[in-house]
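Every chain is numbered from 1 and lettered A, B, ... according to where its sequence line falls, protein lines coming before strand lines.
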Amino acid sequence: MEKYDFKLIEAKWQQYWEEHGFYQVSEDPSRPKYYVLEMFPYPSGNLHMGHVRNYAIGDVVARFKAMNGYNVLHPMGWDAFGLPAENAAIQHGIHPAIWTLANIENMKRQLKTMGISYDWDRELATCKPDYYKFTQWMFLKLYQHGLAYKKKSAVNWCPSCQTVLANEQVVDNSCERCEAVVEKKQLEQWFFKITDYAQRLLDDLELLPGWPEKVKTMQRNWIGRSEGCQFDMQIAGSDERISVFTTRPDTVFGVTYMVLAPEHPLVEKLAQNTPEAAAVNEFLDKMRHLSDIARASTELEKEGVFTGAYAINPMNGEEVPIWIANYVLMDYGTGAIMAVPAHDQRDFEFARKYGLPIRVVIQGEDTPLDGADLTEAYEGDGKMVNSGLFDGLSVEAGKAAVIDYMEKNGIGSRAVNYRLRDWLISRQRYWGAPIPIVYCQECGIVPVPEEDLPVLLPEDVEFKPSGESPLNYVSSFYETTCPGCGGKARRETDTMDTFVCSSWYFGRFCSPHEDKQPFARAAVDYWMPVDQYIGGVEHAILHLMYARFFTKFLYDIKWLSCQEPFTNLLTQGMVLKDGSKMSKSKGNVVSPEDIINTYGADTARLFILFASPPDRDLEWSDAGVEGAYRFLNRVWRLVGDYRKVLQKQDSIGSELDEATRQLRFKTHAIIKKVTEDIENRFNFNTAISAIMELSNQLGAYRDHPRPHAGVVREAVETLLLLLSPFSPHICEELWHMIGHENSICLMSWPKYDKDALVQSEVEMVVQINGKVRDRIMVATGSDDETVRQQCLQSPRVLQQLEGKTVQKFIIVPGKLVNIVAR
RNA sequence: GCGGAUGUGGCGGAAUUGGCAGACGCACCAGACUUAGGAUCUGGCGGGUAACACCGUGGGGGUUCGAGUCCCUUCAUCCGCACCA
């Protein structure tokens with residue numbers, strides 16, 4: 001038999017599958033559908049091991065489901081807009097479109113050598129007009145429903161490049177390109193109102209039992225719902241009021257000062273014409289020169305300044321000083337807080353630093369009554385004290401009672417706050433989907449009519465070395481007429497965040513060639529939701545949250561009939577080398593293309609799935625790859641060695657000798673194991689090890705003097721069928737070699753025969769006081785008394801029991817006996 | 001600091017519901033075949049012992065006939081988030 005020539009075999013079958021359109025699917029109401037999707041890649045130029053792992057996992061699921069009778073949709077596309085393409089244009093003078101399309105071609109070629117069962121007819125790229133036309137359509141729909149709006153927002157601004165920077169372009173508070181210090185600048189930006197969906201995004205996590213608990217927890221924390229109340233504090237000697245939000249209304253009598261965020265709109269007014277004005281302005285100036293990143297990333301010391309003004313606590317009429325401090329954030333709550341240093345650690349630290357009073361209003365069991373004795377804030381449970389008629393209430397009861405009182409007396413009301421903020425989607429970049437908006441002097445902000453989509457990205461543009469968007473200089477793009485009045489108008493030159501493009505692509509795959517609408521209703525109704533979504537955990541928050549938001553919105557406007565896009569989610573671990581993530585800078589990158597050239601795709605796929613369960617990090621090992629390669633070679637020789645036997649005819653029904661019976665037993669036990677490992681647990685590593693066991697047993701059976709052709713055929717075919725989702729090419733080749741005409745891809749997944757799993761005897765472990773002392777063979781189904789008698793015949797057991805009294809027999813049928821003896 | 005994980009042979013990992021710790025693979029050792037072996041096949045492989053005994057799942061304690069698995073406590077590593085009122 002010729003040797004295992006993976007290059008020949010893999011090329012041959014890839015071509016065969018493609019020519020026969022094996023993986024092209026269409027809606028078929030007569031069969032259950034299964035939509036398996038891997039997160040589509042950014043076309044950076046080359047496949048890396050993380051991709052290989054992702055697609056290998058997806059392909060096993062897809063092939064397994066197909067063999068189990070499902071109509072499987074398994075598409076692939078490209079998340080093709082984004083900053084790297086623009087950087088390449090600036091640095092190397094290559095147009096982003098050319099760079100991106102070349103990368104797609106290369107990665108597609110690499111991907112095809114992996115032999116994944118993609119329906120390439122559905123390929124899409126978000127940077128193509130036929131796709132981004134509908135990204136723009138999504139924007140228009142959101143706009144029509146009041147969910148897209150403009151407001152001023154702080155951006156990173158490089159004063160030297162005169163351009164906006166993405167967070168990742170800011171390194172150590174400086175511009176990555178020119179190293180100038182980055183400033184904050186307020187610019188008008190487009191937002192999507194995802195906060196309108198905060199509660200549903202939170203509640204509907206309950207609908208997702210097929211998601212990892214850890215991802216749901218991350219999403220819950222990100223949405224960050226907190227309950228409390230909101231009330232106004234009046235400024236002494238003025239009509240102005242400042243709203244505050246608190247989750248601890250029970251501590252309202254412990255307020256000893258109030259704090260505003262530096263950006264709070266009332267700050268400047270408060271400090272006007274007071275002796276403190278100079279100090280306040282100095283502080284504000286200092287804060288303004290700190291970028292967002294600097295303010296957020298370092299362990300900033302709490303710092304603040306007194307405004308000179310006082311606010312009135314509405315519960316007790318007390319006047320408390322108003323401060324400004326860096327630890328209060330403008331974009332959470334109202335940007336102002338009531339400070340209760342005795343019961344909030346941040347307030348406590350601040351009060352100690354600036355000598356502000358600390359008043360205990362919650363009495364825990366060992367809490368000192370005097371604030372001066374506290375060493376840290378007391379945040380636990382207890383009874384209210386120093387709180388007028390609320391004294392004696394517990395924290396829980398006090399919260400409710402204080403809010404009730406506030407509501408009754410018109411002071412404040414129950415309120416819910418979310419950490420989640422609206423989604424800033426505008427980018428001052430070229431390589432993205434243009435925002436379909438026109439600014440008219442007469443009509444103001446005018447959306448581009450649907451029939452005028454797409455707003456095409458002009459191709460003939462020049463890139464500034466500063467990184468500034470070239471769209472600002474293409475007059476043929478921005479000079480336009482108003483769709484409303486026909487007058488002169490200017491087109492929006494901002495483009496959309498690439499997360500917008502990836503928030504609906506799973507729907508587009510259902511009918512990717514529609515040109516009048518984003519997707520055909522019948523197609524999405526048939527295919528959606530995605531049954532199994534697979535990707536890196538780094539997308540656990542943003543991408544998945546945005547995709548869920550879009551799906552809910554499309555459901556609301558009746559374009560989708562599911563409320564959640566992804567029924568089951570698998571988050572795969574990273575591929576590591578020498579304990580850390582593969583990266584160019586560390587020089588520990590292993591190229592998939594090299595591995596596939598050296599060992600073949602079947603080996604690469606097999607190793608990456610065998611080395612670790614998919615949700616855990618995987619340590620790359622060159623020796624391990626060799627091992628996988630050797631295994632496939634063993635399978636190759638094994639099947640070759642059995643070719644003669646397989647030509648004979650032996651029916652399974654005839655009387656079997658012990659070795660043959662054991663081979664048949666193993667075959668069916670392994671079918672059961674592999675099926676359950678793939679279906680219930682995604683434990684591909686143990687599924688593969690089981691397949692190896694079957695192969696080992698078949699190997700040993702080669703020495704049998706009179707091999708049973710029927711049992712051998714069953715075992716060999718099972719081996720190939722079970723292995724085929726992992727390493728499809730070699731299995732296809734061997735499948736044909738043993739005489740089959742049809743592709744192994746069209747075969748049904750094997751079913752195990754319960755009767756073959758029945759053994760006449762089972763081995764039972766005999767323990768004495770929990771320690772294994774012997775093993776006995778027991779007839780299957782023996783009653784406890786029989787087992788007990790048999791144990792007491794074992795010489796080793798009797799020897800151990802000498803001088804002891806048996807107190808108890810614990811029998812786990814078919815497994816174990818534990819004799820308790822003193 | 002908060003939140004989430006993870007700790008098992010020389011290594012990757014297995015043990016699915018509290019029931020034989022170390023499946024499967026790598027590395028290593030010995031042997032066979034061989035002019036040769038970085039191919040292939042056979043056997044061995046947690047520590048310990050001549051062989052048993054015994055010890056062993058990060059450490060300490062507990063529950064149980066029985067604990068890698070459950071409870072308490074502690075340590076280490078990794079990841080995520082950064083003052084969320």
Checklist line | C1' spacing across the pair B:C24 / B:C81, given as an integer number of angstrom | finding: 38 Å
Next item on the list: Grab the CG-P distance between A:D232 and B:A85 for me, whole Å please.
Entry: 19 Å
Notebook entry, point to check: What's the CD1-C1' distance between A:I688 and B:C26, to the nearest Å?
Noted result: 15 Å
Margin query: Considering every strand and a 4.0 Å limit on heavy-atom distances, what is the contact class for A:T247: base, sugar-phosphate, or nothing?
Written below: sugar-phosphate
Check: For A:Q572 and A:N54, does a side-chain donor sit closer than 3.5 Å to a side-chain acceptor?
Finding: yes
Check: Among pairs that include at least one residue of residues 341-354 of chain A, which meet salt bridge (charged side-chain N to carboxylate O under 4.0 Å, His left out), considering only residues two or more places apart or in two chains?
Finding: A:E301-A:K353, A:K302-A:E349, A:D344-A:R346
Checklist line | Watson-Crick or G-U wobble mate for B:G9, both contacts under 3.5 Å | finding: none
Item checked: A:A604: partners by side chain to side chain contact (heavy atoms under 4.5 Å, CB included), with sequence neighbours left out -> A:I595, A:I596
Next item on the list: Rounded to the nearest angstrom, tell me the gap between atom CE in A:M218 and atom C1' in B:A82.
Entry: 14 Å
Item checked: Plane angle bin for A:W636 and A:Y4 - parallel if under 30°, tilted between 30 and 60°, otherwise perpendicular -> tilted
Check: Under a 90° cut-off about 0 for the syn range, is B:G61 syn or anti?
Finding: anti
Item checked: Closest-nucleotide ordering on RNA chain B, the 5'-leading residue of A:R346 and A:V772 -> A:V772
Next item on the list: Considering only atom C1', compute the distance from B:C75 to B:G58 and round it to an integer number of Å.
Entry: 7 Å
Next item on the list: Ignoring the backbone of A:V328, work out which of B:A23, B:A85, B:G19 is nearest its side chain.
Entry: B:A85
Next item on the list: Applying side chain to side chain contact (heavy atoms under 4.5 Å, CB included), name anything that partners A:T718, two or more places apart in sequence or on another chain.
Entry: A:T667, A:I671, A:L694, A:E714, A:L722
Note to self: Main chain of A:P613, side chain of A:N683: is a donor-acceptor contact present, judged purely on distance under 3.5 Å?
What the structure shows: no
Next item on the list: With a 3.5 angstrom cut-off on both distances, give the Watson-Crick or G-U wobble partner of B:G66, or none if there isn't one.
Entry: none
Notebook entry, point to check: So, is A:N696 close to the B:A23 phosphate, meaning a side-chain N or O under 4.0 Å from OP1 or OP2?
Noted result: no
Note to self: Across nucleotides 9-15 of chain B, 5' to 3', mark each nucleotide with B, S or - according to how protein heavy atoms within less than 4.0 Å reach it.
What the structure shows: ---BSSS
Notebook entry, point to check: If you look at every strand shown and take non-hydrogen atoms under 4.0 Å, does A:T334 touch a base, only sugar-phosphate, or nothing?
Noted result: nothing
Using a 3.5 Å cut-off and no angle test, enumerate the donor-acceptor pairs between side-chain atoms of residues 208-219 of chain A and protein atoms at least two apart in sequence or in another chain.
residue : atom : partner : partner atom : Å
A:W211  : NE1  : A:F566  : O            : 2.7
A:K216  : NZ   : A:L208  : O            : 2.9
A:T217  : OG1  : A:E213  : O            : 2.9
A:Q219  : OE1  : A:R548  : NH1          : 2.8
A:Q219  : NE2  : A:A540  : O            : 2.9

Report, one pair per line, the protein and nucleotides 37-43 of chain B atoms (nitrogen or oxygen only) whose separation is under 3.5 Å.
residue : atom : partner : partner atom : Å
B:U40   : O3'  : A:R637  : NH2          : 3.2

Next item on the list: Using a heavy-atom cut-off of under 4.0 Å over every strand shown, decide if A:V820 touches base, sugar-phosphate, or nothing.
Entry: sugar-phosphate
Check: Given B:C81, B:C84, B:A23, which nucleotide is nearest the side-chain atoms of A:E693?
Finding: B:A23
Margin query: Between the base of B:C83 and the side chain of A:K302, is there a donor and acceptor pair under 3.5 angstrom?
Written below: yes
Check: How would you list all residue pairs meeting salt bridge (charged side-chain N to carboxylate O under 4.0 Å, His left out) that involve residues 605-625 of chain A, not counting sequence neighbours?
Finding: A:D59-A:R605
Margin query: Given B:C54, B:C84, B:A23, identify the nucleotide with an atom nearest to the side chain of A:R421.
Written below: B:C84
Note to self: In this structure, how many angstroms lie between the C1' atom of B:C65 and the CG atom of A:D784, rounded?
What the structure shows: 15 Å
Next item on the list: Figure out the CD/P separation between A:Q219 and B:G4, and round it to whole Å.
Entry: 16 Å
Next item on the list: Taking the side chain as every heavy atom from C-beta outward, state whether A:I242 and A:I235 have any atom pair closer than 4.5 Å.
Entry: yes
Checklist line | Sequence-distant partners of A:Y418, ring pair (Phe, Tyr, Trp, His ring centres under 6.0 Å), two or more places apart | finding: none
Notebook entry, point to check: Aromatic rings A:Y354 and A:F350: how do their planes relate, parallel, tilted or perpendicular, breaks at 30° and 60°?
Noted result: tilted
Notebook entry, point to check: Quantified in whole Å, what is the P atom distance between nucleotide B:A51 and nucleotide B:C41?
Noted result: 30 Å
Next item on the list: Tell me the partner of B:A30, counting only Watson-Crick (N1-N3 plus N6-O4 or O6-N4) or G-U wobble (N1-O2 and O6-N3) with both under 3.5 Å; none if nothing fits.
Entry: B:U42
Next item on the list: Using atom CG of A:L576 as one end and atom C1' of B:U77 as the other, report the distance to the nearest whole Å.
Entry: 13 Å
Notebook entry, point to check: According to the side chain to side chain donor-acceptor pair (under 3.5 Å) rule, which pairs have a member within residues 798-810 of chain A, sequence neighbours left out?
Noted result: none
Notebook entry, point to check: Which residue, A:G627 or A:K771, contacts RNA chain B at a nucleotide closer to its 5' end, judged by nearest heavy atom?
Noted result: A:G627
Checklist line | Watson-Crick/G-U partner (both atom distances under 3.5 Å) of B:G1 | finding: B:C81
Next item on the list: Take the protein atom CD1 of A:I810 and the nucleotide atom P of B:G66, then report the distance between them rounded to whole Å.
Entry: 8 Å
Item checked: Spacing of A:I678 atom CD1 relative to B:U16 atom C1', expressed in whole Å -> 15 Å
Check: With A:D232, which residues qualify under side-chain hydrogen bond (donor to acceptor under 3.5 Å, both in side chains), at least two apart?
Finding: A:S243
Note to self: Which nucleotide wins on minimum distance to the side chain of A:F245, given the candidates B:G66, B:A85, B:C20?
What the structure shows: B:A85
Next item on the list: Indicate, with a heavy-atom threshold strictly under 4.0 Å, whether A:Q345 touches base, sugar-phosphate, or nothing.
Entry: nothing
Item checked: Residue list, salt bridge (Lys or Arg N to Asp or Glu O under 4.0 Å) with A:R630, at least two apart or on another chain -> none
Show the distances under 3.5 angstrom between N or O atoms of the protein and N or O atoms of nucleotides 29-31 of chain B.
none

